[in-house]
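If you're wondering where the values come from, they're calculated on a predicted model, not measured in any experiment.
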Amino acid sequence: KTSNRRRTPMTLVIHPASAAQPLVRAATAADMDIVQAIYARHVREGLASFEIEPPDTAEIAARWRAVVERGLPYRIIEADGAVRGFAYAAPYRARAGYRYTVEDSVYIAMESLGRGYGRRLLADVIEASTRAGMRQMVAVIGDSANVASIALHGALGFRNAGTLVSAGYKMGRWIDSVLMQRALGDGDATLPRD
């Protein structure tokens, strides 16, 4: 039996905060204050970076310029109207023989950890580095107990390449460096075009 009553269509109400997806974008000079603040907290409170004193905004901006002037990615992730983290790929070593190898760095604001921002950023940096013609990406992870970073890199195709035991000293203790690596694009299957 059908009813003659008209059905009122349901309206789905989406609140802007829940609808907003995190945005990954290229970093700009205007982002360097917040990048410096996020990084400074990691330097002061964590073992991911072996720096002891946080660099100031001018130094962070100089590092950003050095990355982008080489055509390498430096990314920001925004969510809910705020920058939640940054990531970039920089030359692994200065010597010319390393010119197709980059090292990634990923830093998420402490209050935003565990929300998948690092994965979004690193995936973008991997893709952009591949487009830039890079062939290998290396992660130098501070502290062998940094299971979150090790798992993140593993989930995105990095393999363990070794551990430098007690390579650093910070916060009153020796710290390992975990090395992980993944191929980009053709990796070593083909020769680059010089």
Side-chain angles (χ1 to χ4, degrees), residues 20-28 31-32 34-35 38-39 42 46-51 60 63-79 82-110 112-144 146-164 176-194:
Q21 290 293 315
L23 170 69
V24 176
R25 61 170 176 80
T28 68
D31 297 313
M32 294 303 108
I34 188 64
V35 166
I38 290 169
Y39 183 65
H42 279 278
L47 301 173
S49 170
F50 282 18
E51 288 196 77
I60 292 293
R63 294 177 188 183
W64 162 74
R65 275 191 302 279
V67 167
V68 298
E69 285 173 0
R70 288 180 174 265
L72 295 171
Y74 199 120
R75 302 293 194 252
I76 293 292
I77 191 163
E78 292 181 341
V83 172
R84 302 298 178 172
F86 66 96
Y88 59 91
Y92 173 63
R93 295 278 188 270
R95 293 183 178 148
Y98 291 111
R99 67 190 173 279
Y100 295 105
T101 301
V102 290
E103 178 181 341
D104 75 276
S105 294
V106 181
Y107 290 94
I108 304 301
M110 296 283 197
S112 298
L113 292 169
R115 297 181 190 172
Y117 299 147
R119 184 179 182 111
R120 297 269 313 262
L121 279 167
L122 184 54
D124 187 278
V125 167
I126 289 168
E127 182 181 326
S129 296
T130 303
R131 284 194 313 269
M134 299 297 104
R135 294 296 190 91
Q136 298 291 327
M137 184 174 282
V138 175
V140 181
I141 299 169
D143 192 13
S144 56
N146 190 346
V147 294
S149 185
I150 293 167
L152 167 64
H153 285 84
L156 290 176
F158 287 75
R159 61 175 176 75
N160 192 307
T163 300
L164 303 176
D176 298 342
S177 282
V178 177
L179 304 177
M180 298 184 79
Q181 180 180 354
R182 69 158 283 155
L184 301 175
D186 287 344
D188 61 1
T190 62
L191 297 177
R193 295 183 195 146
D194 279 329

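Pairs of residues two or more places apart, or lying in two chains, that qualify as salt bridge (Lys or Arg N to Asp or Glu O under 4.0 Å) and include a residue from residues 91-106 are R99-D194. Residue pairs that meet the salt bridge (Lys or Arg N to Asp or Glu O under 4.0 Å) test with at least one member in residues 149-158, sequence neighbours left out, do not exist here.
Applying the side chain to side chain donor-acceptor pair (under 3.5 Å) criterion to T163, with sequence neighbours excluded, gives no partner residue. Residues satisfying the side-chain contact (heavy atoms from CB on, under 4.5 Å) criterion with A151, sequence neighbours excluded, are absent altogether. With sequence neighbours left out, the side-chain contact (heavy atoms from CB on, under 4.5 Å) criterion links A27 to D31, M32, W64, Y74, I76. Applying the ring pair (Phe, Tyr, Trp, His ring centres under 6.0 Å) test to Y107 and every residue at least two apart in sequence or in another chain returns Y39, H42, F86. Scanning for side-chain contact (heavy atoms from CB on, under 4.5 Å) contacts around L47 gives D143, K170, M171, R173, I175, with sequence neighbours left out. Residues passing the side chain to side chain donor-acceptor pair (under 3.5 Å) test with D186, sequence neighbours excluded: T190. I150 is linked by a side-chain contact (heavy atoms from CB on, under 4.5 Å) to I141, V178, M180, counting only residues two or more places apart in sequence or in another chain. Considering only residues two or more places apart in sequence or on other chains, Y92 meets the ring pair (Phe, Tyr, Trp, His ring centres under 6.0 Å) condition with Y98.
In terms of heavy-atom proximity, I38 sits nearest to A109 at CG2-N, 3.8 Å.
Here the CG atom belonging to D176 is positioned 11.5 Å from the CG atom belonging to N146, to the nearest 0.5 angstrom. Here the CD1 atom belonging to I77 is positioned 6.5 Å from the OH atom belonging to Y117, to the nearest 0.5 angstrom. Note: E78 CD to L23 CG = 5.5 Å, rounded to the nearest 0.5 Å. Rounding to the nearest 0.5 angstrom, the gap separating the CG atom in L156 from the CZ atom in R119 is 5.0 Å.
Applying the 6.0 Å contact sphere to CZ of R70 captures no more than 12 heavy atoms from other residues, nucleotides or ligands.
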Donor-acceptor pairs under 3.5 Å, side chain of residues 121-132 to any protein atom, not counting sequence neighbours: which ones?
residue, atom, partner, partner atom, Å
D124, OD1, R75, NE, 2.5
E127, OE2, R131, NH1, 2.9
S129, OG, V125, O, 2.8
T130, OG1, I126, O, 2.8

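Looking at R120, its side chain does come within 3.5 Å of a backbone N or O of P22 through a donor-acceptor pair.
Counting heavy atoms from C-beta outward, R115 and I108 have side chains that stay 4.5 Å or more apart.
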